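Below: one structure, written as structure tokens.
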Amino acid sequence: MLTSKQRATLRSMSNDMPAIIQVGKGGIGENLLRTVADALEARELIKLCVLDNSDYSAREAADEISEELGADVVSVVGKKVVLYRESVNNKRIELK
């Protein structure tokens, strides 16, 4: 669980990041979850975009993905979702 200060730090770090994963009409399946898990392990902090043709709202997608993968939702703004999960092998981000 992130503190508000940690969440603010991560949110500021994600401002310039591009969305690297899109949630579309295929929904949230096993392949998408595996892709997100791999990205979280490699980067720790990722941004997703929920497309208009998706059956999920950005908040619904963020909640479901974070619950399945044990990640923290940093922010949901419009169609963009920012997720954080500490890497097991190579920790890249220092949170205080």
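Residues take their numbers from the sequence shown, with the count starting at 1. As the structure is a computational prediction, the values presented were derived from the model and not from experiment.
Note: Glu68 CD to Glu64 CD = 6.0 Å, rounded to the nearest 0.5 Å. How far CD of Gln6 is from OH of Tyr84: 7.5 Å, rounded to the nearest 0.5 Å.
The minimum heavy-atom distance linking Tyr56 with Gly27 is given by the pair CE1-CA, 3.8 Å. Ala58 and Val81 make their closest contact through O-CG2, 3.6 Å (heavy atoms, listed as atom of the first residue, atom of the second, distance).
Using modelled atom types, one side-chain atom of Arg85 and one backbone atom of Leu69 make a donor-acceptor pair closer than 3.5 Å. For the pair Ser54 (side chain) and Val50 (backbone), a donor-acceptor distance under 3.5 Å is absent.
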If you apply the rule side chain to side chain contact (heavy atoms under 4.5 Å, CB included), what do you find for Asp52 with Lys79, and how did you get there? CA-CA 8 Å; Asp52 290 332; Lys79 300 272 183 188; 3.1 Å; yes
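Sequence neighbours left out, not one pair with a member in residues 42-51 passes side chain to side chain donor-acceptor pair (under 3.5 Å).
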Distance-only donor-acceptor hits, side chain of residues 28-39, under 3.5 Å, sequence neighbours excluded:
unit_1: Glu30; atom_1: OE2; unit_2: Arg34; atom_2: NH2; d: 2.8
unit_1: Asn31; atom_1: OD1; unit_2: Arg34; atom_2: NH1; d: 3.1
unit_1: Thr35; atom_1: OG1; unit_2: Asn31; atom_2: O; d: 2.9

Donor-acceptor pairs under 3.5 angstrom involving side-chain atoms of residues 9-23: please list them, not counting sequence neighbours.
unit_1: Thr9; atom_1: OG1; unit_2: Lys5; atom_2: O; d: 3.0
unit_1: Ser12; atom_1: OG; unit_2: Thr9; atom_2: O; d: 2.7
unit_1: Ser14; atom_1: OG; unit_2: Arg11; atom_2: O; d: 2.8

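Val77 belongs to no hydrophobic cluster, as no Ile, Leu, Val, Met, Phe, Trp or Tyr side chain comes under 4.5 Å of its own. Met1 forms part of no hydrophobic cluster, judged by ILVMFWY side-chain heavy-atom separations under 4.5 Å.
Cluster membership check: Leu45 shares its hydrophobic cluster with Leu2, using side-chain heavy-atom separations under 4.5 Å among Ile, Leu, Val, Met, Phe, Trp and Tyr.
The closest side-chain heavy-atom distance from Leu48 to Ile65 is below 4.5 Å.
For Arg59, the side-chain contact (heavy atoms from CB on, under 4.5 Å) test picks out Ser57, Asp63, Val73, Val76, with sequence neighbours left out.
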